[in-house]
Amino acid sequence: MSKKIQFSLIYRDMWQSSGKFQPRKDQLERIAPVIIDMGCFARVETNGGAFEQVQLLAGENPNEAVRAFCKPFNEAGIKTHMLDRGLNALRMYPVPDDVRAMMYRVKHAQGVDIPRIFDGLNDIRNIAPSIRWAKEAGMTPQGTLCITTSPVHTLEYYAKLADEEIEAGAEEICLKDMAGIGQPAFLGKLTKMIKDKHPEIIIEYHGHSGPGLSMASILEVCQNGADIIDTAIEPLSWGKVHPDVISVQSMLKNAGFDVPEINMGAYMKARAMTQEFIDDWLGYFINPGNKIMSSLLLGCGLPGGMMGSMMSDLGGIMGVINNLRTKKGEPELSTDDMLIKLFDEVAYVWPRVGYPPLVTPFSQYTKNIALFNLLTLEQGKGRYVMMDDSVWGMILGKSGKVPGKIDDEIVALAKEKGLEFTDADPHTLLPNALEDFKKEMDENGWEYGQDDEELWELAMHPEQYRNYKSGQAKKNMLADLQKAKDAKLGGNMTPEQLAEFKHAKADAIVAPVKGQIFWEFQGDGEAAPAVEPFIGKEYKEGDAFCYIQAPWGEFVEVKADLGGKLVEINGKQGSKIQKGDVVAYIEREH
């Protein structure tokens, strides 16, 4: 009888590996029935990782989005799963025990079946408590092995971690090949080792396509006992994301495996809807380079999911470095030159900080060390000059034990700074925090939400949640979107050409008198506190846009003329302006 292979759709991770945001709640609700109609998915990744943060940053309520997306899959009998960063839960830094434990109760109530629990250092101390809390909440805990290729990451290393996770209560094991650099033969052997010892354990493989090994890895793990394969769909599959389900299904079917059929009509509809979401707004935040596979990733081991942010960071540092080189009479570096330098520096730094698996947040930490090393080396200051508390936390053991040895040079630098290494269980270093967040909710008059999910959201993402509640997140998102649209519409225009292009479509709001700009007026001769209007704000004909305090003290109202959408602001609260100057541009509906 043929070995049965099931497929999981990594819809959240498709977006996370491509761009800045996630689909909105209404978009997730629309596509869920279409995914179900495809008929080939036993599981769907519905949330986790950065899902909550990006929804909050977009001004959306992530709890409502998770419930809405999970509901149709729950009703159809399709398992839902989420990404869980162990000690860091759903954020980039450690989370207190009471907040972590609460997460599983909240997520189970929202309709999530399986948490994929991983630790960026593969430290069982950061994984075991989450497995216990997930089981207590009624979920199916999936233990995770963060796969990388290094002298310390041997078959025995990973088999031991799998044993520890299963002993802690994991009912499944995921091979998380987050950078796609796991060697296919190695992954096949590892799968067989685990399956031979634990035949009852479900094994799921998650591999990114970045350096091009993923299809060979999928075939190897399936031939050695894997049960479930994570896949993507067009137009986001391949590149720095995951293989497309059509190709995976074709390969495995021809290899003799029992795989589900795909309803191609539904696939094409889901494909079109995903493209629609890209065209609507998400595409403005997708780096085109993330659609391209690169064998260069094999050398540095960085995950494809962080390539977009890395290229942005690289551009900023490159400008500074090239200015330094110009002053020294040296030729400027191109983006490709900088990329190779960065990859080489990551390869240099990585073993010296103990070979942490390059997955969130430790991939970011290692990249940051390398990136700033390039700058400080150019400045003649040497390496390891610009390492922040988070990076030092990884090195000192505050996030867990790194697999390898910390280089003597870095140990000496820590001693020089008066920093101490620790082997304490990381979660014991954090005090519980829920009571303080309850107090904040009560003082603000905020509802705890269904199953206390709003309280949990504040406790998990305090900064982003506060901005969401104040409305500032939505304003910032609309401003970012407008900037991205302007950049895309402008193409290769100079700033002057782009301004001319934008202004040709908009009406100028002109100052009728000289004076100071104020956005609000209390009506009693005083300016109100500054609340700057956000890009994208809509005005009706004749609405008040701002007020200008004339030199003689009078507040003069400036109207929005014919109304429309705010596309540019040329002044700040309290800034001085001359009569006839343009305060802002408002684009009319045509």
Side-chain angles (χ1 to χ4, degrees), residues 5 7-8 10 13 17 45 83 116-122 127 142-163 165 172-196 201-232 237-244 247-248 251-252 293-307 343 346-347 350-351 355-360 362-363 366 402-404:
I5 303 293
F7 296 138
S8 174
I10 309 301
D13 205 37
S17 299
E45 184 192 36
L83 197 62
R116 174 172 294 167
I117 304 163
F118 78 91
D119 175 60
L121 299 177
N122 285 327
I127 300 171
Q142 184 182 81
T144 305
L145 316 181
C146 291
I147 302 296
T148 193
T149 302
S150 87
V152 300
H153 292 91
T154 63
L155 288 170
E156 293 72 25
Y157 166 93
Y158 282 117
K160 178 176 179 291
L161 178 59
D163 289 344
E165 292 181 346
E172 303 180 0
I173 292 292
C174 174
L175 308 186
K176 181 177 170 60
D177 190 4
M178 61 280 171
I181 66 170
Q183 289 296 324
F186 179 94
L187 291 166
K189 291 174 184 176
L190 177 58
T191 302
K192 188 174 189 307
M193 286 176 72
I194 298 170
K195 205 69 171 179
D196 284 351
I201 292 294
I202 291 173
I203 296 179
E204 187 162 353
Y205 175 70
H206 172 98
H208 284 252
S209 297
L213 301 180
S214 56
M215 288 292 277
S217 295
I218 288 170
L219 187 57
E220 281 285 345
V221 298
C222 287
Q223 288 175 335
N224 284 279
D227 303 284
I228 305 171
I229 301 297
D230 286 354
T231 64
S237 49
W238 307 111
K240 303 303 189 297
V241 188
H242 308 268
D244 192 278
S247 296
V248 175
M251 176 181 69
L252 295 180
M293 297 164 77
S294 173
S295 56
L296 296 176
L297 292 168
L298 280 172
C300 68
L302 291 172
M306 63 172 282
M307 288 298 290
F343 285 172
V346 169
W350 186 37
Y355 287 114
L358 294 180
V359 67
T360 301
F362 304 110
S363 52
T366 306
V402 294

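Because the structure is a prediction, the values reported are computed rather than measured. Residue numbers start at 1 and run along the sequence shown.
- K195 places a side-chain N or O within 3.5 Å of a backbone atom of I201 that can act as its donor or acceptor partner.
- In this structure the side chain of M215 reaches within 4.5 angstrom of the side chain of S247, judged on heavy atoms.
- The backbone N or O of G180 sits nowhere less than 3.5 Å from a side-chain atom of S209 that would complete a donor-acceptor pair.
- Scanning both residues, C174 and Q142, for their nearest heavy atoms gives CB-OE1, 3.2 Å.
- For the atom pair E220 CD and Q183 CD, the distance stands at 10.5 Å (nearest 0.5 Å).
- Using modelled atom types, no side-chain atom of E172 and backbone atom of G143 make a donor-acceptor pair closer than 3.5 Å.
- Here the side chain of W238 pairs no donor or acceptor atom with the backbone of M293 at under 3.5 angstrom.
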### Query
Between N122 and H153, is a side-chain hydrogen bond (donor to acceptor under 3.5 Å, both in side chains) present by the stated rule, with each step listed?
CA-CA 10 Å; N122 285 327; H153 292 91; 4.6 Å; no

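- Residues E204 and I173 have side chains not in contact (no heavy-atom distance under 4.5 Å, counting atoms from C-beta outward).
- Residues P351 and P151 fail the side-chain proximity criterion, which asks for heavy atoms closer than 4.5 Å.
- A distance of 4.5 Å separates CD1 in I147 from OH in Y158, rounded to the nearest 0.5 Å.
- A salt bridge links R116 and D230; the closest N-O separation between the charged side-chain nitrogens and carboxylate oxygens is under 4.0 Å.
- Closest of all the heavy-atom pairs between Y205 and S214 is CE2-O, 4.5 Å.
- When all heavy atoms are compared, the tightest approach of P357 to T148 is CA-CG2, 4.3 Å.
- Counting only heavy atoms from C-beta outward, the side chains of P184 and L219 never approach each other to under 4.5 Å.
- Between T366 and Y355, the closest side-chain pair of non-hydrogen atoms is not below 4.5 Å.
- Between Y157 and P403, the shortest heavy-atom distance links the atoms OH-CG, 3.8 Å.
- A heavy-atom distance below 4.5 Å is not found between the side chains of P243 and T231.
- At least one side-chain heavy atom of D13 sits less than 4.5 Å from a side-chain heavy atom of H208.
- Not one N or O on the side chain of T191 forms a donor-acceptor pair closer than 3.5 Å with the backbone of N224.
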### Task
Walk me through it: do M251 and I218 pass the test side-chain contact (heavy atoms from CB on, under 4.5 Å)?
CA-CA 9 Å; M251 176 181 69; I218 288 170; 3.8 Å; yes

### Query
When you look at K176 and L83, which way does the side-chain contact (heavy atoms from CB on, under 4.5 Å) test go after all the steps?
CA-CA 11 Å; K176 181 177 170 60; L83 197 62; 4.0 Å; yes

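- Looking only at side-chain heavy atoms (C-beta outward), C146 and F362 stay at 4.5 Å or farther from each other.
- For the atom pair K189 NZ and I194 CD1, the distance stands at 14.5 Å (nearest 0.5 Å).
- The distance from atom CG of D177 to atom CZ of F186, rounded to the nearest 0.5 Å, is 10.0 Å.
- Between I181 and T149 the shortest heavy-atom distance is O-OG1, 3.0 Å.
- Here the closest heavy-atom approach between residue L190 and residue A159 is recorded as CD1-N, 4.0 Å.
- Rounded to the nearest 0.5 angstrom, K160 NZ and L145 CG are separated by 12.0 Å.
- For the atom pair CD1 of I10 and NE2 of H242, the computed distance is 5.5 Å after rounding to the nearest 0.5 Å.
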